[in-house]
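Here is the structure we will look at, set down as C-alpha cells.
Here is how names work: the chains are called A, B, and so on, in the same order as the sequence lines, proteins then strands, and each is numbered from 1.
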Amino acid sequence: MYNPQLTKDGKLKHLLTIEGLPRAILNQILDTAESFVGVAEREVKKVPLLRGKTVCNIFFENSTRTRTTFEIAAKRLSADVINLNVNTSSQSKGETILDTVDNLTAMHADMFVVRHAESGAAHFIAKHVAPHIHVINAGDGRHAHPTQGLLDVFTIRRYKPEMHNLRVALVGDVLHSRVARSEIHALTTLGVPEVRVIAPKTLLPQDVEKLGVQVYHDMNTGLKDVDVIMMLRLQNERMSGALLPSAQEYYKCYGLTPEKLALAKPDAIVLHPGPMNRGVEIDSAVADGKQSVILPQVTYGIAVRMAVMSILAGNSE
Amino acid sequence: MKIHIKNGRLIDPKHQIDANLDIFIAAGKVASIGQAPANFVANQVIDATGLIVCPGLVDVSARLREPGNEYKATLESEMRAAVAGGITSLACPPDTDPVLDEPGLVEMLKHRAKQLHLSNVYPLGALTRQLAGQQLTEMSELTEAGCVGFAQADKAIIDTQVLWRAMQYAATFGFTVWLRPEEPYLAKNGIAHDGEVSARLGLKGIPVAAETLALGTMLHIARETGAKLHLCRLSTAEGVTMIREAKQRGQNISADVSANHLHLTEHDIGFFDSNCHLKPPLRSQRDRDALRQGLADGTIDTVCSDHTPVDDDAKLMPFGETEPGATGLELLLSLTLKWASEQHVPLTQALARVTQAPASILGVDAGHLGLDARADLCIFDPEHYWKVEPQALFSQGKNSPFNGLELAGKVRYTLVNGHIVHEA
C-alpha cells in the first residue's frame with residue numbers, strides 16, 4: 001500500500017505518523033537515538049551530521065517545549081535552525097499554509113518541523129513540498145505526534161527492554177490526544193502484547209478498540225499488574241464542562257496517586273509527556289517519585305529527535 | 001426541428017418500455033415511438049446503434065452557485081456540466097448568496113437558466129428566511145415564482161417549534177418540505193464519521209445518532225402535521241431502517257442518497273483526502289451497504305449527484321479546514337450504473353431511480369418519454385469506459401473523490417426540449 005512517508009525503496013522520507021511504519025524503521029530510529037544519548041554528556045555537544053543543512057521549525061500552533069527540543073536536537077547535529085511562529089505572523093495576514101511553505105522552500109530549507117492545530121496538516125504539507133524537503137510532524141491536531149510516541153517507547157525500552165512481555169496502560173484524555181494515538185501505534189508496532197486505555201467514556205474516541213487497545217473505565221482494574229503507566233495531559237478547558245464535571249472529580253477517579261500506583265507491578269514506571277497538571281492527572285508524590293521517568297523522557301526526547309533528523313537527512317537522494 | 005433517433009435500445013421506466021424502438025421528436029415533444037408519424041421528415045437522424053435511449057436524468061440536488069458564489073461556479077458552467085452528464089432537469093437548493101427566500105430571486109434564477117436553453121432548473125425555496133430557522137418564507141409566493149419545494153439545505157432548524165410550524169404551514173398548501181436530517185449539536189464541528197477512521201486520524205466525529213435523532217424528530221412532526229416530507233442525503237444504516245419503517249406505516253415521505261455515498265466509505269479518506277470531505281460524512285461499510293440496498297428496494301427513492309462545486313483553493317488545506325463537497329453532475333449516470341451493476345439491479349429499475357422517481361418527488365412532468373412529453377433525452381453508451389479527469393470536466397468544480405477512476409457509461413447525446421444540447 002502507498003505510504004506517503006516512505007521513499008519508493010521503503011526508506012523514511014517524512015515522519016508524519018507512526019501508523020503504518022514498519023517495525024524495522026522504528027527500531028532503526030530507536031537504535032540510532034541510543035548512539036546520540038552520549039552526545040549530550042560530552043564536553044562538545046555537537047556532531048557534524050547536518051552541517052550545512054537548514055532546519056525550519058514552522059509552528060502554526062504555539063509550543064515552547066517541543067520547539068525547543070527540536071531546536072536543540074538540530075543544533076547538536078550542527079544544522080542551521082530557523083524558528084517561525086506562523087500564528088503570530090503571516091497567517092493572521094491571510095497567507096495560506098502553502099504560501100508559507102513555498103516561501104520557506106525558496107529560502108532553501110532542507111527540513112521542515114511542523115506543528116498545526118488541524119489533524120492532517122503535516123500530511124498536507126508533505127504532499128505539497130518540493131521533493132528534496134523532509135517533513136517532521138511535531139504535532140497535528142488530535143492526529144499524531146510521532147517523535148513524542150518514539151521518545152516514549154525509547155524511554156520504555158531503556159527501562160523495560162523486553163517489549164514483547166509488557167502490559168502498558170494509557171490514562172486520560174485519549175480523545176483529544178495526538179500523543180496517545182502515536183504512543184498506541186508505537187507500542188503495538190513494537191509488539192507490546194497488551195495496551196490498555198483507561199478513561200471515562202467522554203474522553204475516548206468511538207471505536208477506540210479498533211486501534212488495538214483494551215478499554216477500561218476504572219483505574220482499579222485497569223492499572224492492575226501493569227508494567228508501564230503513560231499519563232496523558234488534560235487540557236484546562238476540558239476540565240469542567242460537558243466532558244467532565246470538575247478537575248477535582250477527575251483527580252478522584254483518574255488521577256495517579258501513590259495508592260493507585262501500588263496496583264501496578266512494584267517496578268512499574270510512570271511516563272508523562274508534559275506539561276503536567278499536578279493534582280489533576282498526577283499527584284506530585286508520583287511525579288517526583290522513584291518510579292517516575294518523566295525527566296529522562298525529556299532528555300531522551302532530544303536524542304530521538306536527533307535520530308529522526310539524521311536518518312531523514314541520510315535518506316536524501 | 002424534427003429528430004429521428006434510430007436503432008437504439010429505448011428504456012422508459014415509467015411506461016415500462018425496454019425494447020429496440022425508434023423515437024421521433026417534433027416541436028420539442030415526443031411525437032411517436034416505434035413507427036414514424038405520418039409525413040414525418042426528419043431534419044436530423046441520430047444513429048443510436050449500441051446505445052441506450054432514455055429520459056433525460058432528473059437530479060434532485062445540484063448546487064449551481066448562482067447567485068453569489070460565481071467564483072466557485074457559474075450557472076452556465078454547471079448547466080453545461082449537467083447536460084454533459086445527461087441531466088435535463090435539476091433541483092437546486094436555496095443556499096445561495098443571497099438565499100433563495102424572495103420570489104424575485106427565484107424568478108431571476110429561472111429566467112437566467114431558461115435563457116441558456118440547457119437543463120430545466122427547478123429551484124427549492126428557503127423554508128425559513130435566510131435559512132435562519134426563525135421566520136417562515138412566503139411559500140405561496142415562492143411557489144408562484146417557480147419553487148417546487150422548501151428546503152433548509154445544510155442549515156438545521158434548531159427550534160422545534162419553528163420546525164413544527166413550518167411543516168404545518170407547508171402542509172396547508174400541500175408543499176413538500178425538504179430536510180437533511182442532522183442534529184446540529186451532535187454534529188457540531190464534526191468533519192468525519194464518528195468511527196474507526198476518525199479515531200485513527202484524530203478527526204472530530206459526527207455520530208450516527210446525529211442523523212437518527214434528527215430523523216426521528218422530522219418523521220414525528222411530519223406525521224403530526226401531515227406535511228409531505230422529503231429526506232435528503234441519508235448516510236446511515238439506521239436511518240434507512242427508520243425510513244423503511246415509516247413507509248411501511250404509510251407515511252407520505254420520500255428520500256434520497258448522494259451517488260458518493262453509494263460507493264465510498266470513511267476509509268476512502270485515506271491520508272486526509274479532502275475530496276472525501278463531504279456532507280453528510282462518508283460512513284462505515286455497513287452504512288454504505290444499507291444505502292445501496294435501500295436504493296435497490298425503493299426505501300430510498302432516488303440517487304442524486306449532490307453536486308457541490310468547490311474552488312480548488314478551498315480544498316488545498318488541512319482536511320478539517322477544507323470546504324465540504326464534490327462535483328457530481330457529470331458522474332451521476334456512471335455512478336448509478338456502477339451501483340446497478342454491482343448490486344444486480346436491472347437497468348430499467350436503476351434508470352427509474354434517476355428519471356421517474358425524482359420527477360415524481362419534484363412533482364414535475366419530466367423523466368419519461370410518454371407521447372407529447374417534453375423531449376428531454378439522454379443517449380448513452382453503457383459499455384464505454386471513460387476516465388474522470390478534473391480538467392476535462394465541464395463543471396467549474398474539479399474536486400471529486402473519483403478523480404482518476406474509470407467509469408462505464410458515456411453520454412453521447414443530450415436533448416432538452418427536442419434540441420441537441422450535448423454531443424460527444
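Taking the ring pair (Phe, Tyr, Trp, His ring centres under 6.0 Å) definition, one finds that B:Phe272 meets it with A:His123, A:His143, sequence neighbours left out.
At a threshold of 4.0 Å, the pair B:Glu342-B:Lys338 counts as salt-bridged, since one of the basic side-chain nitrogens sits closer than that to a carboxylate oxygen. Ion pairing between a basic and an acidic side chain is recognised when a charged N comes within 4.0 Å of a carboxylate O; B:Arg283 and B:Glu238 show no such pairing. Salt-bridge annotation for B:Arg180 and B:Asp154: present, with a side-chain N of the basic residue lying under 4.0 Å from a carboxylate O of the acidic one.
Residue contact with chain A, scored on non-hydrogen atoms closer than 4.5 Å, is absent for B:Ser274. Contact of A:His128 with chain B is made through the side chain alone, with heavy-atom distances under 4.5 Å. Only the side chain of A:Arg181 comes within contact range of chain B, with heavy atoms under 4.5 Å apart.
Using a 3.5 Å distance cut-off with no hydrogens or angles, the side chains of A:Asn57 and A:Asn83 do pair a donor with an acceptor. Side chains of B:His261 and B:Ser258: a donor on one and an acceptor on the other come within 3.5 Å.
Applying side-chain hydrogen bond (donor to acceptor under 3.5 Å, both in side chains) to B:Lys72 and the options B:Glu78, B:Gln396, B:Glu323, B:Glu66 leaves one that passes, B:Glu323.
The candidate from A:Gly120, A:Gly20, A:Ala122 with the greatest count of non-hydrogen atom pairs under 4.5 Å with chain B is A:Gly120.
In this structure, A:Arg115 forms no cation-pi arrangement with A:Phe59, as its terminal cationic atom is not both closer than 6.0 Å to the ring centre and no more than 45° off the ring axis.
For residues 193-213 of chain A, heavy-atom neighbours of chain B at less than 4.5 Å comprise A:Pro205, A:Gln206, A:Asp207, A:Lys210, A:Leu211, sorted by residue number.
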